[in-house]
Amino acid sequence: MRINVSQQLKSPIGSMRDYELSELVDIAGSTSKVEGEVRLMRTDRGILAKGRLHTEVEVTCSRCLSLFRCPLALNIEEEYLTTADVVSGARLSLPEELGSFTIDEHHVLDLTETIRQYALLAIPMKPLCREDCAGLCPHCGHNLNLGPCQCLSPGADPRWFQLSKLVTERKGTE
Ligand SMILES: [Zn+2]
Ligand SMILES: [Zn+2]
């Protein structure tokens, strides 16, 4: 989302504006709709953007490997620094802060990259399609969320017992 903040940059420090946001953002290879509210506040160095946003991204369940839509809540808070004087248009020297967000020379503040970065951080390391996802059968790969498979439990099948004994013996000789 791109917002022209030239008017707000002329306002006194502390002045606020609220925006409703509904945007398609490219997150982790798929396009996700991001919605919520953003409040922009004039600071001495630029604009502070604060927002509560929500979206959904498509991820792979770490247990059953199925794709599902994972809801994400994003609490954004970033200060965007001015790069040009709003009255004269003269370029300002930026503070030596690497990685800080900036308002471009046309006084446009772009929230897209901020949203993308917050969303990537909000995606769980090991996503689960549901809290009690049953995962895949380790023997036949059947998705156990869809019901039990034909495999017998390892303890009940003597062949599995032989196999596990073999593996244990091998480990012992290594
Ligand atoms: Zn799952
Ligand atoms: Zn199975």
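For ligands, and for the atoms within them, numbers begin at 1 and follow the listed sequence.
A heavy-atom distance below 4.5 Å is not found between the side chains of L72 and S32.
For the Zn ion (ligand 2), the set of nearby N, O or S atoms under 2.8 Å includes one belonging to C149. The Zn ion (ligand 2) has C140 among its coordinating residues (N/O/S atom, backbone or side chain, under 2.8 Å).
Atoms SG of C61 and SG of C64, as seen from the Zn ion (ligand 1), are separated by an angle of 110°, to the nearest 10°. C137 contributes SG and C151 contributes SG; the angle these two atoms make at the Zn ion (ligand 2) is 110°, rounded to 10°.
The two atoms that bring A28 and I123 nearest to each other are CB-CD1, 4.3 Å, heavy atoms only.
No more than 12 heavy atoms of other residues, nucleotides or ligands shown are found within 6.0 angstrom of CZ on R39. Counting non-hydrogen atoms of neighbouring residues, nucleotides and ligands closer than 6.0 angstrom, the CZ atom of R52 reaches no more than 12 such neighbours.
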